[in-house]
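Quick caveat: nothing in here was measured; it's all calculated off a predicted structure. In what follows, chains carry the letters A, B, and so on, assigned in the order in which the sequence lines appear, proteins first and then strands, with residues in each chain numbered from 1.
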There are 2 protein chains.
Amino acid sequence: MSRQQTTELAVLGALSVQPMSGYAVRAAITETLGHFWSESFGQIYPTLARLESEALIVRDADGKTSGSTFRLTPSGRERLVDLLREPITAAPPRNGTLLRLFFGGLLGVEECRAILTEARSRAVAQLAALDAIRHGLEAETAADPDARYRLVTVLAGQHSARAAIAWADESLALLAG
Amino acid sequence: MSRQQTTELAVLGALSVQPMSGYAVRAAITETLGHFWSESFGQIYPTLARLESEALIVRDADGKTSGSTFRLTPSGRERLVDLLREPITAAPPRNGTLLRLFFGGLLGVEECRAILTEARSRAVAQLAALDAIRHGLEAETAADPDARYRLVTVLAGQHSARAAIAWADESLALLAG
DNA sequence: CCGAGCATGTAACACGTTACATGATTGC
DNA sequence: GCAATCATGTAACGTGTTACATGCTCGG
């Protein structure tokens with residue numbers, strides 16, 4: 001029971017920052033929440049239509065241009081806060097890499113080491129990408145206290161990436177010996 | 001293109017350890033892969049039926065008892081290895097906790113600290129649970145070299161849990177100051 | 001005999017991606 | 001004018017969970 005409504009949460013959240021088009025919502029989610037969230041157009045547009053019909057957002061036609069701009073209504077903002085408050089249903093964390101390594105005996109040491117090496121590379125790249133974002137946010141924090149919340153999500157990604165690197169190193173050593 | 005077929009991989013993997021009933025496959029996945037995988041009956045039974053029709057597994061009627069036992073055929077084992085070798089499509093890692101914290105400004109410091117405290121508790125509990133499993137596996141490793149692969153997945157969970165604890169502590173300090 | 005757990009399966013629903021179709025706007 | 005990008009939407013498909021329906025088996 002009780003749908004997840006996570007897409008609704010992400011869309012309302014994006015619009016809470018500033019009014020924008022559906023296309024821009026997608027871009028904002030990809031760019032800003034990209035390291036822990038994703039949405040496709042096939043989800044976003046139907047969601048926008050439903051939110052509009054429930055008067056949680058309104059659509060302003062952009063004068064002469066083709067697109068439109070969606071804006072949160074007061075009840076939409078209330079709805080967003082309600083969703084934020086809702087208990088977080090811990091999704092089962094399906095991890096394809098671990099599933100493969102668990103049955104690694106069927107693949108052999110070398111292939112498993114390759115999987116680990118690749119996972120390590122991805123983590124190193126992500127750590128570097130998040131480092132750049134982090135420096136920007138730390139500068140912002142002085143002016144905007146709310147930037148701290150965004151910083152918290154970046155820290156999560158960095159801790160997670162560092163853990164992945166340490167795990168890969170330890171596992172590579174274990175499989176080498 | 002190219003379906004994920006992750007359920008198929010998990011089911012074949014479970015049966016590669018030993019022949020068992022569908023009910024037992026579900027139990028094995030829940031107990032052994034539980035910290036990084038999950039499957040429901042609604043997925044398992046149709047998958048077993050399909051695998052049987054493709055002759056990747058066979059069903060042995062258990063004499064007089066009601067259930068049946070599924071067993072990998074040689075081609076089923078080949079199929080499993082093929083699936084293990086397939087490139088891992090890194091699933092977008094949707095994290096509901098981070099999505100909420102990102103918009104934490106709308107919730108306020110106290111509610112965000114509560115979310116972090118709860119995330120920390122879950123990580124502490126998981127770390128302890130995995131520690132018990134780890135000790136068992138380390139003992140097994142001497143006798144069964146393949147136990148190392150299972151140990152690798154446990155290490156992943158522990159690194160991840162420790163990272164979550166460190167992240168929660170750092171973030172709680174950040175939001176306190 | 002009765003309840004707990006074993007066992008199998010289906011139907012309805014929710015969620016999400018991909019591919020497609022269509023057209024406007026803008027910069028070169 | 002033409003390509004890239006902005007913009008909106010739909011349809012088909014795949015995947016996954018939940019709830020339901022059904023019956024067996026075994027220990028107390």
Side-chain angles (χ1 to χ4, degrees), chain A residues 1-11 14-15 19-31 33-34 36-53 57 59-70 83 86 89-96 99, chain B residues 1-11 14-15 19-31 33-34 36-53 57 59-70 83 86 89-96 99:
Chain A
M1 67 195 71
S2 89
R3 301 167 279 180
Q4 293 287 92
Q5 289 160 306
T6 51
T7 295
E8 186 174 321
L9 174 50
V11 168
L15 293 178
M20 62 182 96
S21 70
Y23 189 89
V25 166
R26 152 79 178 220
I29 289 173
T30 302
E31 284 158 31
L33 315 179
F36 61 87
W37 207 259
S38 71
E39 294 292 347
S40 60
F41 286 129
Q43 289 274 100
I44 287 173
Y45 283 113
T47 300
L48 284 170
R50 188 166 50 75
L51 292 173
E52 191 187 12
S53 80
I57 60 178
R59 182 191 305 241
D60 300 324
D62 279 6
K64 45 187 67 173
T65 70
S66 68
S68 33
T69 297
F70 297 93
L83 288 176
E86 235 168 60
T89 56
R94 300 169 139 242
N95 184 323
L99 183 60
Chain B
M1 65 198 71
S2 88
R3 300 168 278 180
Q4 293 287 90
Q5 289 158 307
T6 51
T7 295
E8 187 174 322
L9 174 50
V11 168
L15 293 178
M20 60 181 96
S21 69
Y23 189 88
V25 166
R26 151 78 178 221
I29 289 174
T30 303
E31 284 158 30
L33 314 179
F36 60 86
W37 207 260
S38 71
E39 294 291 349
S40 60
F41 286 128
Q43 288 277 100
I44 287 174
Y45 284 113
T47 299
L48 285 170
R50 188 167 50 76
L51 292 174
E52 190 187 14
S53 79
I57 61 176
R59 182 191 306 240
D60 301 323
D62 280 7
K64 44 187 67 172
T65 69
S66 66
S68 32
T69 297
F70 296 92
L83 288 177
E86 236 168 61
T89 55
R94 298 168 140 243
N95 184 321
L99 184 59

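B:S21 is linked by a side-chain hydrogen bond (donor to acceptor under 3.5 Å, both in side chains) to nothing, counting only residues two or more places apart in sequence or in another chain. By the salt bridge (charged side-chain N to carboxylate O under 4.0 Å, His left out) test, A:R26 pairs with no residue at all, sequence neighbours left out. The salt bridge (charged side-chain N to carboxylate O under 4.0 Å, His left out) test applied to A:E8 returns A:R50, A:R79, not counting sequence neighbours. Residues satisfying the side chain to side chain contact (heavy atoms under 4.5 Å, CB included) criterion with A:E39, sequence neighbours excluded, are A:T7, A:A10, A:I29, A:W37, A:Q43, A:I44, B:R94. With sequence neighbours excluded, the residues forming a ring-ring contact (aromatic ring centres under 6.0 Å, His included) with A:F41 are A:Y23, A:Y45, listed by chain and number.
The separation between A:I57 atom CD1 and D:dT8 atom P is 11 Å, rounded to whole Å. What separates CD of B:E39 from P of D:dG14 is a distance of 18 Å, to the nearest Å. Between A:Q43 atom CD and D:dA11 atom C1' the separation is 14 Å, expressed in whole Å. To the nearest angstrom, C1' of D:dC6 lies 15 Å from CE of A:M20. Taking atom CD of residue A:E31 and atom C1' of nucleotide D:dT5, one finds them 13 Å apart after rounding to whole Å. In this structure, B:Q5 places its CD atom 14 Å from C1' of D:dC13, rounding to the nearest Å. Atom CG in A:D60 sits about 14 Å away from atom P in D:dA7, given to the nearest Å. For B:I44 and C:dC6, the CD1 to P distance is 14 Å, given to the nearest whole Å.
Residue A:Y23 places no side-chain N or O under 4.0 Å from the OP1 or OP2 atom of D:dA7. Considering only side-chain N and O atoms, B:S68 lies nowhere under 4.0 angstrom from the phosphate OP1 or OP2 of C:dA7. For the pair B:S38 and D:dG16, the criterion of a side-chain N or O lying under 4.0 Å from OP1 or OP2 is not met. Between A:R26 and D:dA7, a side-chain N or O to OP1/OP2 separation shorter than 4.0 Å is absent. For C:dA7, neither phosphate oxygen OP1 nor OP2 lies less than 4.0 angstrom from any side-chain nitrogen or oxygen of B:T69.
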Apply side-chain contact (heavy atoms from CB on, under 4.5 Å) to the pair B:L83 and A:L99, showing each step before the final yes or no. CA-CA 11 Å; B:L83 288 177; A:L99 183 60; over 6 Å; no
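Residues A:A14 and A:V25 come closest through the heavy atom pair CB-CG1, 4.2 Å.
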Heteroatom pairs (N/O) under 3.5 angstrom, protein to nucleotides 9-13 of chain C:
residue, atom, partner, partner atom, Å
C:dG9, OP1, B:R59, NH1, 3.4

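At a threshold of 4.0 angstrom between heavy atoms, the contacts of B:S40 include nucleobase atoms, whether or not backbone atoms are also involved.
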